[in-house]
Number of protein chains: 2
Amino acid sequence: MPGRPRDPALDAAILRATFEFVEEEGYRRLSIEGIAARSGVHKQAIYRRYRSKGELVLAALGRFAAERLPTPDTGSLRDDLVTLLTATFAAQRGASGQLNRALAVEALQDERFAARLWTELIEPRRAVVRAMIDRAAERGEITGANPDFFVDLVYGPMWYRLLFDIPALDDSYAARLADTVLAAARGPRTA
Amino acid sequence: MPGRPRDPALDAAILRATFEFVEEEGYRRLSIEGIAARSGVHKQAIYRRYRSKGELVLAALGRFAAERLPTPDTGSLRDDLVTLLTATFAAQRGASGQLNRALAVEALQDERFAARLWTELIEPRRAVVRAMIDRAAERGEITGANPDFFVDLVYGPMWYRLLFDIPALDDSYAARLADTVLAAARGPRTA
DNA sequence: TTTTCAATATGAGACGTTGCGTATTGACAA
DNA sequence: TTGTCAATACGCAACGTCTCATATTGAAAA
């Protein structure tokens with residue numbers, strides 16, 4: 001039962017190397033063996049911790065990025081959205097974007113991993129937006145129909161640009177998206 | 001100069017095998033060697049025609065799916081959108097969806113291929129929606145600001161669900177999305 | 001208290017597999 | 001004579017597994 005404990009320095013070295021690697025060279029060249037070589041950690045030490053590259057990237061993203069995203073509650077749906085999206089998009093322009101791309105590749109090739117990604121990463125972030133929408137509905141700011149669908153409207157364009165054109169995800173894009181979601185959530189002009 | 005001409009039967013066999021393969025087994029197992037084995041065509045015959053798996057899939061999608069999408073012009077933006085999205089989403093639930101996923105994987109790993117994909121496939125489809133929006137603006141149905149941004153609103157959620165949950169792309173999703181884009185395009189309620 | 005022992009981690013290195021993309025060969029069609 | 005065809009082999013990269021000797025830990029035995 002006791003056994004030698006895992007070296008926490010290796011945990012950190014692995015995640016750090018993953019982060020740096022993907023930031024410098026993009027997802028294309030990211031490989032377990034590459035991370036092992038870069039971090040000086042043996043390949044097996046990585047496989048002992050993560051079953052696949054996807055799990056490793058998921059852990060790396062959780063460690064370095066997810067906690068830094070805000071959970072705004074300003075009293076205005078638009079301000080909440082702008083705050084969240086500005087920070088989120090800024091992260092996508094850095095390592096987070098590359099890691100998200102990596103996760104997308106893994107998810108596209110493995111349905112079970114896609115499910116894990118959804119519940120562990122995507123859904124929690126959806127919940128943040130859903131809560132913002134719910135609060136706005138309570139305040140009477142919008143009509144509360146289908147909050148879940150509006151969440152797609154928020155994150156859909158982000159992933160779309162994450163796939164094809166990350167630099168498009170700038171502050172003005174965030175603001176426009178916030179305005180647009182707001183307009184849509186308010187319902188058709190002809191009440 | 002002439003030399004022996006390529007066998008058109010091979011062209012067809014390759015594309016057909018690609019189509020069937022991806023439909024039955026998803027993208028995960030799609031490989032040039034697998035397609036070669038399945039179609040009875042030799043690997044080199046494929047490489048003679050396509051430089052990479054991405055180009056092959058791009059060709060297959062162009063051949064079997066892209067031409068079947070409608071270019072509606074009903075006189076109503078909502079009807080145009082519903083018609084286009086219903087047909088597009090239906091295609092995504094079949095082989096087109098798998099092929100698009102395959103293209104996404106290739107694009108994520110190769111910037112140059114991503115650029116090709118954008119200009120050859122994504123942009124033409126965006127143009128269809130942009131044209132619909134432009135016509136609506138001319139009719140005074142909507143305010144004509146930023147048609148390109150609204151195109152993101154149309155295709156963003158589609159790719160998002162293409163990544164994580166294809167079955168969600170049903171007729172009701174198409175209708176809701178059309179309604180929502182319309183509401184957003186009309187601008188804020190307070191004129 | 002000291003020793004022993006089972007359990008686990010570590011780096012090093014090798015292994016078989018898959019898929020990539022390239023090259024060679026000889027037959028064959030224009 | 002040129003380019004396609006099938007067949008086959010090749011080098012490369014990365015995967016994921018395995019064995020080995022060594023190191024580190026907690027618990028049990030002396």
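Computed from a predicted model, the values in this text were never measured in an experiment. So you know, we letter chains A, B, ... as the sequences are listed, proteins then strands, and number each from 1.
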Do side-chain atoms of B:Arg49 reach the backbone of B:Ala45 as a donor and acceptor pair under 3.5 angstrom? yes

On DNA chain D, does the nearest nucleotide to B:His42 precede the nearest nucleotide to A:Gly34 from the 5' side, or the other way round? Give the residue. B:His42

Could you give the CZ-to-C1' distance, from B:Phe21 to C:dG19, as a whole number of Å? 12 Å

Hey, does the side chain of A:Arg48 come within less than 4.0 Å of C:dT8's phosphate (OP1/OP2), counting only N and O? no

Between C:dG19 (P) and B:Leu56 (CG): distance, integer Å: 15 Å

Starting the side chain at C-beta, find the nucleotide from C:dT10, D:dT4, D:dA14 nearest to A:Arg49. C:dT10

Does the base of C:dG11 carry an N or O that pairs as donor and acceptor with the side chain of A:Lys43 under 3.5 Å? no

Under-3.5 Å donor-acceptor pair between A:Gln44 side chain and C:dA9 base: no

NZ/NE/NH1/NH2 to OD/OE distance under 4.0 Å, A:Arg78 and A:Glu141: no

Taking only the side-chain heavy atoms of A:Tyr47 (C-beta and beyond), determine which of D:dA6, D:dT17, C:dA9 contains the nearest atom. D:dT17

Would B:Arg101 and B:Tyr27 count as a cation-pi pair here, with the cationic atom under 6.0 angstrom from the ring centre and within 45° of the axis? no

Under 3.5 Å: donor-acceptor pair, side chain of A:Tyr155, backbone of A:Arg125: yes

When you get a sec, tell me which of C:dT10, D:dA6, D:dG16 is the closest nucleotide to the side chain of A:Glu33? D:dG16

What is the distance from CD1 of A:Ile46 to P of C:dA12, rounded to the nearest Å? 13 Å

Please tell me if B:Arg28 has a side-chain N or O lying less than 4.0 Å from either OP1 or OP2 of C:dT18. no

N/O donor-acceptor pair, side chain A:Arg4 with base D:dA23, under 3.5 angstrom: yes

